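Data block below; observations after.
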There are 2 protein chains.
Amino acid sequence: MAAKRSGAQSKRSQRKGLSLRSVQESRSEPPLSLERIVATAVELLDAQGVDGLTMRRLADRLGSGAMSLYWHVANKEEVYDLALDSVLEYRGPPQIAESRDWRGEVVHMLEDWRAIMLRHPWSALLLPRRALGPNILGRLELLSKTLAGAGVADADLNVAIWSLWNYVMGATVTRASFDLSDDDRAAAQQRLTRLSEHYPTIERSRLLLDNDWDGAFRKGLDFLLDGLAPMQ
Amino acid sequence: MAAKRSGAQSKRSQRKGLSLRSVQESRSEPPLSLERIVATAVELLDAQGVDGLTMRRLADRLGSGAMSLYWHVANKEEVYDLALDSVLEYRGPPQIAESRDWRGEVVHMLEDWRAIMLRHPWSALLLPRRALGPNILGRLELLSKTLAGAGVADADLNVAIWSLWNYVMGATVTRASFDLSDDDRAAAQQRLTRLSEHYPTIERSRLLLDNDWDGAFRKGLDFLLDGLAPMQ
DNA sequence: CGATTGAATCGTACGCCGTACGAGTCATGC
DNA sequence: GCATGACTCGTACGGCGTACGATTCAATCG
């Protein structure tokens, strides 16, 4: 059915875990490394979008042959996985004491999340098609812990988390898709105006045009949190 | 930047609009038509997923040469666009009188929407990357009209609509992505269990495992609608 | 009636993609 | 000095989207 993602392993990762150093010592940094590959992949994705990333281009940018990548990485899918997860690292909010303002913390976490994905629009399109990496799971865990700490019962936790996650994902994906099609902002506006000509209510509310996306995101989030609050 | 989608036109659609009949008359139905192409593309997408659709395969299934498709369609992107929009047709709820139970209507529309996209998981992955087709816009318009009819002020309409849309999109995309990676349900469970080992709260809530997706969707939706209600 | 047209089909070919395969390089430890 | 194993990469294969031009065939017109 879908893509198989199970058995794939880079030759590198098949080795147990020994002997990382040796080559490391040479003067000018080793031309290839997983870190450099992932970082360059992110650069490329930022610059060219999801379809702009090809193994050959990636290798070119790294000054190596395309096939050299496959020592460090099992296949292109793994590059996508690593690039996505690498961008989603999260160091919590200032982290003061114990469970102060849970609502503020949740809002902060979710806005940070959204901000990242809007900064890297490809990530919003990629995420639904990739496995959950450690950073994504880490964020989910943190969200769960915060809500649980705020008193949400275990039974309600799933509803709470999925509601928030879904909302953020939807807002991010939608927004990113609008950004994507804005090759030329003015032309896009025109196109949308022409499109919404026969949709009077959409037209009247200027739904597709000058939205205050950030404000709308916050308001919807507040509605959800209002609904969630009685659960604690 | 992103893909250009502007100038593309099938040779067919460049012709004004005359002379549709002629060939129609031959005995065994004409081997190719936009309708057949789109319908077959949907079949293929249902069966093989987003990446399973290729022009050659599509043509094979239609018993024609690959290049013949390009008479009816400008390029592969257009096939995606048409397939997506074709699946999203909507005939409203029983449509009784004027603005009865607006909340019930909204819930019905959104659950129908979600149901479709879960029935065709590829559509959830496609939608964020495609332009808004007439059926999608039609659904948005209907949603807007219902909310406006329920008394939501124009100023609040955008927030209301985007909140709901984002939530539905997120829920759909997330759910579809879980379905996607379930080549083998049992193996997937195992993998998720192993993954969540180091995420105690996720583990405790069994967030990734036996969720009542439908119920959770309804509850989150109710929270949103509760929040929206005061606007009317 | 034959000639012309234009709708529709399709074979071939090009440039790109991911990656299998195996040969090459080179530092290390015997 | 030789074997080993980490790492790099050239070549090649099959598949992709699609540009281009030849082909077929029914309708139209003189």
Side-chain angles (χ1 to χ4, degrees), chain A residues 3-5 7-37 41 44 48-81, chain B residues 3-5 7-37 41 44 48-81:
Chain A
K4 46 188 138 175
R5 184 167 21 260
Q9 288 270 340
S10 65
K11 281 166 201 155
R12 183 178 201 279
S13 66
Q14 277 165 1
R15 313 260 116 235
K16 278 305 161 176
L18 44 120
S19 74
L20 288 217
R21 30 201 347 269
S22 42
V23 189
Q24 186 73 272
E25 312 298 340
S26 90
R27 275 309 141 253
S28 65
E29 69 166 348
L32 239 38
S33 74
L34 200 53
E35 290 75 23
R36 283 222 315 137
I37 290 177
L44 231 142
Q48 317 242 38
V50 177
D51 298 331
L53 175 63
T54 75
M55 296 304 266
R56 287 181 233 252
R57 271 212 272 270
L58 181 52
D60 271 4
R61 233 176 225 244
L62 287 160
S64 77
M67 290 315 292
S68 307
L69 300 175
Y70 287 88
W71 177 260
H72 305 270
V73 128
N75 48 41
K76 193 187 178 184
E77 300 223 328
E78 192 175 314
V79 177
Y80 278 136
D81 284 342
Chain B
K4 45 188 138 175
R5 184 167 23 259
Q9 289 269 342
S10 65
K11 281 166 203 158
R12 181 176 201 280
S13 65
Q14 279 165 0
R15 310 261 118 235
K16 280 305 162 178
L18 44 121
S19 74
L20 287 218
R21 31 202 344 272
S22 43
V23 188
Q24 186 75 271
E25 313 297 340
S26 90
R27 277 305 141 255
S28 63
E29 69 167 347
L32 238 38
S33 74
L34 200 53
E35 291 74 23
R36 284 223 313 138
I37 290 177
L44 208 67
Q48 318 242 39
V50 178
D51 298 331
L53 175 64
T54 75
M55 296 305 267
R56 288 181 232 253
R57 271 212 273 269
L58 181 53
D60 271 4
R61 233 176 224 243
L62 287 160
S64 77
M67 290 315 292
S68 307
L69 301 176
Y70 286 88
W71 178 260
H72 304 269
V73 128
N75 48 41
K76 193 187 178 184
E77 300 223 329
E78 192 174 315
V79 178
Y80 278 135
D81 284 343

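Chain A is the first sequence line, chain B the second, and so forth, proteins listed ahead of strands; every chain is numbered from 1. Computed from a predicted structure; not experimentally measured.
- The overall bend of the helix from C:dC1-D:dG30 to C:dC30-D:dG1, read as the angle between its terminal helix axes built from five base pairs each, is 30° when rounded to 10 degrees.
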Steps toward side chain to side chain contact (heavy atoms under 4.5 Å, CB included) verdict (B:K76, B:L58): CA-CA 10 Å; B:K76 193 187 178 184; B:L58 181 53; over 6 Å; no

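- With rounding to whole Å, B:E77 atom CD is found 14 Å from D:dC16 atom C1'.
- The two residues B:A59 and B:A66 have their closest heavy-atom pair at CB-CA, 3.4 Å.
- Going from atom CG of A:D60 over to atom C1' of D:dT8 covers 15 Å, rounded to whole Å.
- Taking each heavy atom of A:V50 and A:Y80 in turn, the nearest pair found is O-OH, 3.1 Å.
- Computed from coordinates, the B:R36 CZ to C:dA8 C1' distance equals 14 Å when rounded to whole Å.
- Partners of B:R56 under the salt bridge (Lys or Arg N to Asp or Glu O under 4.0 Å) rule, at least two apart in sequence or in another chain, do not exist in this structure.
- Heavy atoms only, all atoms of each residue included: A:V79 and A:A41 are closest at CG1-CB, 3.7 Å.
- With sequence neighbours excluded, no residue satisfies side-chain hydrogen bond (donor to acceptor under 3.5 Å, both in side chains) with B:Y70.
- For the salt bridge (Lys or Arg N to Asp or Glu O under 4.0 Å) test, no residue two or more places apart in sequence or in another chain qualifies with A:R57.
- The distance between atom CG of B:N75 and atom P of D:dA19, rounded to the nearest whole Å, is 8 Å.
- Residue B:H72 has a polar side-chain atom (N or O) positioned under 4.0 Å from OP1 or OP2 of C:dT9.
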Report each atom pair, protein N/O against N/O of nucleotides 24-26 of chain C, whose distance is under 3.5 angstrom.
none

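- Spacing between atom CE of A:M55 and atom P of D:dT8 amounts to 13 Å, rounded to whole angstrom units.
- Atom CZ in B:R36 sits 8.0 Å away from atom OG in B:S64 (nearest 0.5 Å).
- Sorted by first and then second residue, the pairs that involve residues 59-71 of chain A and meet salt bridge (Lys or Arg N to Asp or Glu O under 4.0 Å), not counting sequence neighbours, are A:E43-A:R61.
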Taking only N/O atoms, report every protein-nucleotides 9-11 of chain D pair under 3.5 Å with atom names and distance.
unit_1: D:dC9; atom_1: OP2; unit_2: A:G65; atom_2: N; d: 3.0
unit_1: D:dC9; atom_1: OP2; unit_2: A:S68; atom_2: OG; d: 3.0

May I have the step-by-step check of side chain to side chain contact (heavy atoms under 4.5 Å, CB included) for A:L69 and A:L62, ending in yes or no? CA-CA 10 Å; A:L69 300 175; A:L62 287 160; 3.8 Å; yes

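- A pairwise comparison of heavy atoms in A:G52 and A:L44 identifies O-CD2, 3.0 Å as the closest pair.
- Per the geometry, CG belonging to A:L62 stands 10 Å off P belonging to D:dT8, to the nearest Å.
- Regarding B:Y70, its OH atom lies at a distance of 11 Å from the P atom of D:dC16, rounded to whole Å.
- Rounding to whole angstrom units, NZ of residue A:K76 and P of C:dC16 are separated by 15 Å.
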